[in-house]
Amino acid sequence: MDGMPESNACHTGLHSVFGQVVFNRLLPGGHGLLRLFVGELAGKVGPGQFVHLTCDDSLTLPRPFSLMDANPHQGTVDLFYRIVGRGTELMAAWKEGIQVKLLMPLGHPFVWPDLHTHFLLLAGGAGLAPIHFLARRLVRTGVNMTLLWGIETESPLETIVKQDDQSLALAELDGLGIVSRLASLTPRAGRFQGYVTDLAVEILASLDEERRSNTLLYACGPHPMLVAVHRLATRFGLKGQVSLEERMACGFGGCAACVAPIRTQDGAWSYQKICTDGPVFSLSDVVWEQYGA
(Lines give C-alpha, C1' and ligand atoms only; values in the text may rest on other atoms or scores of the structure.)
Protein backbone atom coordinates (compact mmCIF):
# COMPACT_ATOMS: atom_id res chain seq x y z
CA MET A 1 0.00 0.00 0.00
CA ASP A 2 1.59 3.21 -1.18
CA GLY A 3 5.05 1.86 -0.43
CA MET A 4 4.18 0.71 3.10
CA PRO A 5 6.11 -2.30 4.41
CA GLU A 6 4.14 -5.48 4.88
CA SER A 7 6.08 -6.92 7.78
CA ASN A 8 2.90 -7.24 9.83
CA ALA A 9 0.83 -9.01 7.15
CA CYS A 10 -0.35 -12.59 7.69
CA HIS A 11 0.44 -15.08 4.94
CA THR A 12 -1.24 -18.38 5.72
CA GLY A 13 -2.71 -21.43 4.09
CA LEU A 14 -6.43 -22.06 3.74
CA HIS A 15 -8.05 -24.56 6.11
CA SER A 16 -11.46 -26.21 6.23
CA VAL A 17 -12.09 -26.87 9.91
CA PHE A 18 -14.76 -27.39 12.52
CA GLY A 19 -14.97 -24.72 15.18
CA GLN A 20 -16.69 -25.15 18.52
CA VAL A 21 -19.06 -22.48 19.78
CA VAL A 22 -17.71 -20.97 23.00
CA PHE A 23 -20.57 -18.48 23.24
CA ASN A 24 -23.12 -16.85 20.94
CA ARG A 25 -24.53 -13.65 22.39
CA LEU A 26 -27.54 -11.91 20.90
CA LEU A 27 -27.05 -8.15 21.12
CA PRO A 28 -29.29 -5.09 20.73
CA GLY A 29 -30.04 -3.84 17.22
CA GLY A 30 -30.39 -7.32 15.72
CA HIS A 31 -26.69 -8.17 16.09
CA GLY A 32 -24.76 -11.06 17.52
CA LEU A 33 -21.27 -11.87 18.77
CA LEU A 34 -20.01 -15.39 18.14
CA ARG A 35 -16.85 -16.86 19.65
CA LEU A 36 -15.43 -20.06 18.16
CA PHE A 37 -12.61 -22.29 19.33
CA VAL A 38 -10.38 -23.01 16.30
CA GLY A 39 -7.12 -23.96 18.02
CA GLU A 40 -3.81 -22.89 16.51
CA LEU A 41 -5.52 -21.17 13.56
CA ALA A 42 -6.39 -18.30 15.92
CA GLY A 43 -2.73 -17.31 15.77
CA LYS A 44 -2.63 -17.25 11.98
CA VAL A 45 -5.16 -14.53 11.20
CA GLY A 46 -4.94 -10.77 10.89
CA PRO A 47 -7.32 -7.78 10.89
CA GLY A 48 -9.23 -7.60 7.61
CA GLN A 49 -9.27 -11.33 6.97
CA PHE A 50 -12.53 -13.25 7.07
CA VAL A 51 -14.03 -16.72 7.33
CA HIS A 52 -16.67 -18.56 5.31
CA LEU A 53 -19.13 -20.14 7.68
CA THR A 54 -21.64 -22.90 6.92
CA CYS A 55 -24.75 -21.67 8.69
CA ASP A 56 -26.76 -24.83 8.00
CA ASP A 57 -26.49 -27.88 5.73
CA SER A 58 -29.85 -26.95 4.21
CA LEU A 59 -28.34 -23.80 2.70
CA THR A 60 -26.48 -23.96 -0.60
CA LEU A 61 -23.79 -21.41 0.17
CA PRO A 62 -21.73 -20.52 3.25
CA ARG A 63 -21.66 -16.93 4.52
CA PRO A 64 -18.62 -14.63 4.80
CA PHE A 65 -17.92 -12.94 8.14
CA SER A 66 -15.06 -10.59 8.99
CA LEU A 67 -12.99 -11.48 12.01
CA MET A 68 -13.54 -9.12 14.94
CA ASP A 69 -10.81 -10.49 17.15
CA ALA A 70 -8.53 -13.49 17.67
CA ASN A 71 -6.94 -14.84 20.83
CA PRO A 72 -4.02 -17.16 19.99
CA HIS A 73 -3.52 -18.09 23.66
CA GLN A 74 -7.11 -19.32 24.01
CA GLY A 75 -7.40 -20.54 20.41
CA THR A 76 -10.52 -18.49 19.72
CA VAL A 77 -11.82 -16.10 17.07
CA ASP A 78 -14.73 -13.66 17.35
CA LEU A 79 -17.30 -12.87 14.66
CA PHE A 80 -19.64 -9.87 14.83
CA TYR A 81 -22.78 -10.30 12.73
CA ARG A 82 -26.15 -8.78 11.99
CA ILE A 83 -29.24 -10.95 11.59
CA VAL A 84 -30.42 -10.12 8.06
CA GLY A 85 -31.52 -13.39 6.44
CA ARG A 86 -32.11 -17.11 6.82
CA GLY A 87 -28.45 -17.95 7.33
CA THR A 88 -27.87 -15.55 10.20
CA GLU A 89 -31.27 -16.43 11.70
CA LEU A 90 -30.12 -20.05 11.98
CA MET A 91 -26.72 -18.93 13.19
CA ALA A 92 -28.29 -16.85 15.97
CA ALA A 93 -29.78 -20.03 17.46
CA TRP A 94 -26.43 -21.81 17.90
CA LYS A 95 -25.70 -22.94 21.43
CA GLU A 96 -22.46 -23.39 23.34
CA GLY A 97 -20.58 -26.54 22.46
CA ILE A 98 -21.90 -27.26 18.98
CA GLN A 99 -19.49 -27.80 16.08
CA VAL A 100 -19.73 -25.60 12.98
CA LYS A 101 -17.87 -25.82 9.69
CA LEU A 102 -15.79 -22.93 8.42
CA LEU A 103 -13.14 -22.10 5.85
CA MET A 104 -10.32 -19.85 7.09
CA PRO A 105 -8.40 -17.62 6.89
CA LEU A 106 -9.59 -15.90 3.73
CA GLY A 107 -8.33 -12.72 2.09
CA HIS A 108 -5.47 -10.33 2.75
CA PRO A 109 -5.27 -8.36 6.01
CA PHE A 110 -4.60 -4.70 6.67
CA VAL A 111 -0.96 -3.67 6.75
CA TRP A 112 0.51 -0.64 8.47
CA PRO A 113 3.90 1.08 8.59
CA ASP A 114 6.27 0.37 11.42
CA LEU A 115 6.48 3.95 12.58
CA HIS A 116 4.67 6.17 15.03
CA THR A 117 1.88 8.14 13.40
CA HIS A 118 -1.82 8.88 13.81
CA PHE A 119 -4.45 6.41 12.64
CA LEU A 120 -8.05 7.39 11.97
CA LEU A 121 -10.24 4.28 11.81
CA LEU A 122 -13.77 4.50 10.36
CA ALA A 123 -16.43 1.80 10.53
CA GLY A 124 -19.98 1.63 9.24
CA GLY A 125 -22.45 -0.85 10.75
CA ALA A 126 -21.13 -4.41 10.84
CA GLY A 127 -17.99 -3.04 9.18
CA LEU A 128 -16.86 -2.45 12.75
CA ALA A 129 -15.54 -6.04 12.94
CA PRO A 130 -12.24 -5.70 11.00
CA ILE A 131 -11.73 -2.13 12.26
CA HIS A 132 -12.18 -3.24 15.86
CA PHE A 133 -9.67 -6.07 15.26
CA LEU A 134 -7.23 -3.61 13.67
CA ALA A 135 -7.52 -1.21 16.63
CA ARG A 136 -6.72 -3.99 19.09
CA ARG A 137 -3.60 -4.92 17.09
CA LEU A 138 -2.47 -1.33 16.61
CA VAL A 139 -2.75 -0.48 20.29
CA ARG A 140 0.02 -3.00 20.98
CA THR A 141 2.43 -0.88 18.92
CA GLY A 142 1.78 2.25 20.96
CA VAL A 143 0.49 4.35 18.06
CA ASN A 144 -2.07 7.11 18.48
CA MET A 145 -5.47 6.31 17.02
CA THR A 146 -9.11 7.33 16.94
CA LEU A 147 -11.93 4.95 16.02
CA LEU A 148 -15.22 6.31 14.68
CA TRP A 149 -18.28 4.07 14.29
CA GLY A 150 -21.40 5.00 12.35
CA ILE A 151 -24.42 2.94 13.36
CA GLU A 152 -28.12 3.77 13.19
CA THR A 153 -29.49 1.11 15.53
CA GLU A 154 -29.20 0.94 19.27
CA SER A 155 -25.57 0.20 20.02
CA PRO A 156 -25.08 -3.59 20.15
CA LEU A 157 -21.90 -3.21 22.17
CA GLU A 158 -21.46 -1.93 25.69
CA THR A 159 -20.88 1.82 25.88
CA ILE A 160 -19.79 4.27 28.54
CA VAL A 161 -20.22 8.00 28.92
CA LYS A 162 -17.00 9.96 28.91
CA GLN A 163 -16.71 12.69 31.46
CA ASP A 164 -15.06 15.28 29.22
CA ASP A 165 -17.60 15.84 26.45
CA GLN A 166 -20.38 13.40 27.40
CA SER A 167 -19.89 11.54 24.11
CA LEU A 168 -20.44 7.81 24.01
CA ALA A 169 -17.46 5.51 23.53
CA LEU A 170 -16.96 1.76 23.27
CA ALA A 171 -16.14 0.66 26.79
CA GLU A 172 -13.79 -2.18 25.84
CA LEU A 173 -11.67 0.02 23.58
CA ASP A 174 -11.71 2.90 26.02
CA GLY A 175 -10.26 0.55 28.61
CA LEU A 176 -7.36 -0.11 26.24
CA GLY A 177 -6.73 3.60 25.76
CA ILE A 178 -8.30 3.75 22.29
CA VAL A 179 -10.32 6.90 21.67
CA SER A 180 -13.67 6.07 20.06
CA ARG A 181 -16.86 7.94 19.17
CA LEU A 182 -20.22 6.96 17.73
CA ALA A 183 -22.18 8.71 14.98
CA SER A 184 -25.71 8.34 13.60
CA LEU A 185 -28.08 10.34 11.43
CA THR A 186 -30.84 9.78 13.98
CA PRO A 187 -30.43 12.05 17.01
CA ARG A 188 -29.20 9.92 19.92
CA ALA A 189 -27.80 11.09 23.23
CA GLY A 190 -24.03 11.00 23.29
CA ARG A 191 -23.61 10.46 19.53
CA PHE A 192 -22.42 12.81 16.84
CA GLN A 193 -25.42 13.54 14.60
CA GLY A 194 -24.46 13.00 10.99
CA TYR A 195 -22.46 10.63 8.85
CA VAL A 196 -19.38 9.06 10.38
CA THR A 197 -17.33 10.76 7.65
CA ASP A 198 -18.74 14.13 8.76
CA LEU A 199 -17.38 13.37 12.22
CA ALA A 200 -14.04 12.47 10.62
CA VAL A 201 -13.94 15.84 8.84
CA GLU A 202 -14.55 17.60 12.15
CA ILE A 203 -11.71 15.70 13.81
CA LEU A 204 -9.24 16.17 10.94
CA ALA A 205 -10.00 19.89 10.74
CA SER A 206 -9.17 20.22 14.44
CA LEU A 207 -5.67 18.73 14.04
CA ASP A 208 -2.60 20.82 13.44
CA GLU A 209 -1.10 20.51 9.97
CA GLU A 210 1.79 18.25 10.99
CA ARG A 211 -0.40 15.70 12.76
CA ARG A 212 -3.03 15.78 10.04
CA SER A 213 -0.43 15.14 7.34
CA ASN A 214 0.79 12.12 9.34
CA THR A 215 -2.69 10.61 9.60
CA LEU A 216 -3.56 7.35 7.88
CA LEU A 217 -7.15 6.34 7.11
CA TYR A 218 -8.48 2.80 7.51
CA ALA A 219 -12.13 2.02 6.83
CA CYS A 220 -14.74 -0.67 6.33
CA GLY A 221 -18.42 -0.21 5.61
CA PRO A 222 -21.00 0.04 2.82
CA HIS A 223 -19.92 1.41 -0.56
CA PRO A 224 -21.48 4.91 -0.15
CA MET A 225 -19.55 5.37 3.08
CA LEU A 226 -16.28 4.27 1.47
CA VAL A 227 -16.83 6.68 -1.42
CA ALA A 228 -17.15 9.42 1.21
CA VAL A 229 -13.92 8.18 2.81
CA HIS A 230 -12.23 8.50 -0.60
CA ARG A 231 -13.44 12.10 -0.89
CA LEU A 232 -12.21 12.72 2.65
CA ALA A 233 -8.78 11.37 1.75
CA THR A 234 -8.66 13.52 -1.39
CA ARG A 235 -9.68 16.65 0.49
CA PHE A 236 -6.99 16.27 3.15
CA GLY A 237 -4.35 14.55 1.00
CA LEU A 238 -4.33 11.36 3.06
CA LYS A 239 -3.46 7.74 2.32
CA GLY A 240 -4.88 4.56 3.77
CA GLN A 241 -6.65 1.29 3.18
CA VAL A 242 -10.22 0.08 2.91
CA SER A 243 -11.81 -3.31 3.37
CA LEU A 244 -14.46 -3.76 0.69
CA GLU A 245 -17.76 -5.46 1.45
CA GLU A 246 -19.40 -7.62 -1.21
CA ARG A 247 -21.67 -10.64 -1.58
CA MET A 248 -19.64 -13.82 -2.09
CA ALA A 249 -20.33 -17.34 -3.24
CA CYS A 250 -17.24 -19.55 -2.99
CA GLY A 251 -14.93 -17.24 -1.00
CA PHE A 252 -11.71 -18.53 -2.59
CA GLY A 253 -11.73 -17.05 -6.10
CA GLY A 254 -13.40 -19.84 -8.04
CA CYS A 255 -16.62 -18.10 -9.03
CA ALA A 256 -15.50 -14.48 -9.58
CA ALA A 257 -18.82 -13.27 -8.14
CA CYS A 258 -17.19 -10.63 -5.94
CA VAL A 259 -15.11 -8.21 -7.95
CA ALA A 260 -13.98 -4.61 -7.55
CA PRO A 261 -12.44 -2.11 -10.02
CA ILE A 262 -8.77 -1.80 -9.02
CA ARG A 263 -6.01 0.22 -10.69
CA THR A 264 -3.13 -1.64 -12.28
CA GLN A 265 0.52 -0.60 -12.42
CA ASP A 266 0.19 0.65 -16.00
CA GLY A 267 -2.41 3.24 -14.95
CA ALA A 268 -5.38 1.30 -16.30
CA TRP A 269 -7.75 -0.77 -14.16
CA SER A 270 -9.28 -4.20 -14.08
CA TYR A 271 -11.75 -6.13 -11.97
CA GLN A 272 -10.09 -8.04 -9.14
CA LYS A 273 -11.62 -10.58 -6.79
CA ILE A 274 -12.39 -9.18 -3.37
CA CYS A 275 -12.15 -12.59 -1.70
CA THR A 276 -8.61 -13.40 -2.86
CA ASP A 277 -7.06 -10.10 -4.03
CA GLY A 278 -8.70 -8.22 -1.16
CA PRO A 279 -10.80 -7.57 0.77
CA VAL A 280 -8.25 -4.95 1.80
CA PHE A 281 -7.07 -2.52 -0.88
CA SER A 282 -5.21 0.76 -0.91
CA LEU A 283 -7.57 3.73 -0.98
CA SER A 284 -5.76 5.09 -4.02
CA ASP A 285 -6.02 1.82 -5.95
CA VAL A 286 -9.81 1.52 -5.93
CA VAL A 287 -11.48 3.12 -8.98
CA TRP A 288 -14.05 5.06 -6.99
CA GLU A 289 -15.60 6.57 -10.12
CA GLN A 290 -17.12 3.16 -10.78
CA TYR A 291 -18.93 3.50 -7.47
CA GLY A 292 -20.34 6.91 -8.33
CA ALA A 293 -17.62 9.13 -6.85
Side-chain angles (χ1 to χ4, degrees), residues 6 8-25 27 31-55 62-83 87-88 91-92 94 100-112 119 121-140 145 147 149 156-157 170 172-173 176 178 218-221 241-248 250-252 258 274-281:
E6 298 190 9
N8 48 22
C10 294
H11 300 285
T12 62
L14 191 59
H15 301 268
S16 179
V17 300
F18 282 92
Q20 184 176 33
V21 174
V22 178
F23 64 71
N24 187 21
R25 297 174 182 162
L27 305 172
H31 293 80
L33 181 63
L34 175 69
R35 176 166 293 174
L36 298 172
F37 177 80
V38 296
E40 63 180 15
L41 287 179
K44 299 180 179 181
V45 298
Q49 290 187 295
F50 64 100
V51 305
H52 241 204
L53 195 60
T54 300
C55 296
R63 275 35 174 190
F65 295 95
S66 293
L67 290 158
M68 187 169 188
D69 200 5
N71 188 322
H73 302 293
Q74 297 181 2
T76 61
V77 294
D78 291 352
L79 307 178
F80 178 60
Y81 64 95
R82 186 177 181 186
I83 304 170
T88 44
M91 181 176 164
W94 290 349
V100 297
K101 187 177 181 180
L102 65 157
L103 191 65
M104 67 175 291
L106 293 163
H108 293 278
F110 290 108
V111 297
W112 54 92
F119 291 79
L121 315 180
L122 287 82
L128 175 70
I131 297 300
H132 181 279
F133 193 1
L134 176 62
R136 292 181 63 88
R137 285 292 171 88
L138 283 175
V139 76
R140 300 177 186 175
M145 79 183 88
L147 187 152
W149 185 22
L157 301 179
L170 297 178
E172 180 187 11
L173 298 184
L176 295 174
I178 300 171
Y218 288 78
C220 182
Q241 290 187 318
V242 292
S243 177
L244 298 179
E245 296 181 338
E246 191 57 79
R247 291 183 178 274
M248 297 181 184
C250 72
F252 49 82
C258 60
I274 290 177
C275 63
T276 54
D277 299 315
V280 174
F281 295 95

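Residue indices begin at 1 and follow the sequence shown.
- In terms of modelled atom types and a separation under 3.5 Å, the side chain of N24 and the main chain of M91 share a donor-acceptor contact.
- In this structure, CZ on R137 lies 7.5 Å from CG on D69, to the nearest 0.5 angstrom.
- Partner of L53 under the side-chain contact (heavy atoms from CB on, under 4.5 Å) criterion, chosen from L34, T88, L103: L34.
- Residue L138 holds its CG atom at 12.0 Å from CG of L176, rounded to the nearest 0.5 Å.
- Summarising the geometry, atom NE2 belonging to H15 is positioned 7.5 Å from atom CD belonging to E40; distances are rounded to the nearest 0.5 Å.
- Looking at N71 and H73, their side chains come closer than 4.5 Å, going by heavy atoms from C-beta outward.
- Minimum heavy-atom separation, P105 to Q49: CB-NE2, 3.9 Å.
- Judged by distance alone, the side chain of W149 and the main-chain N or O of G125 form a donor-acceptor pair under 3.5 Å.
- Between L244 atom CG and C258 atom SG the span is 10.0 Å, to the nearest 0.5 Å.
- Minimum interatomic distance between G75 and A42 (heavy atoms only, all atoms of both residues): C-CB, 3.6 Å.
- Heavy atoms only, all atoms of each residue included: F110 and S243 are closest at CZ-CB, 3.8 Å.
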Note to self: Is there a side chain to side chain contact (heavy atoms under 4.5 Å, CB included) between D78 and F133? Walk through the geometry before answering.
What the structure shows: CA-CA 9 Å; D78 291 352; F133 193 1; over 6 Å; no
Next item on the list: Decide yes or no on side chain to side chain contact (heavy atoms under 4.5 Å, CB included) for F119 and L134, but give the supporting numbers first.
Entry: CA-CA 10 Å; F119 291 79; L134 176 62; over 6 Å; no
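- When all heavy atoms are compared, the tightest approach of F80 to A129 is CB-CB, 4.1 Å.
- Among all heavy-atom pairs drawn from C220 and E245, the shortest one is SG-OE2, 3.8 Å.
- For A135, the side-chain contact (heavy atoms from CB on, under 4.5 Å) partners two or more places apart in sequence, or in a different chain, are L121, M145, L147, I178.
- Remark: L33 CG to M68 CE distance equals 6.5 Å, nearest 0.5 Å.
- With sequence neighbours excluded, the residues that form a side-chain contact (heavy atoms from CB on, under 4.5 Å) with V51 are F65, L67, L79, L102, M104.
- In terms of heavy-atom proximity, V45 sits nearest to A70 at CG2-CB, 3.5 Å.
- A donor-acceptor pair under 3.5 Å links the side-chain atoms of Y218 to the main chain of V111, judged by distance alone.
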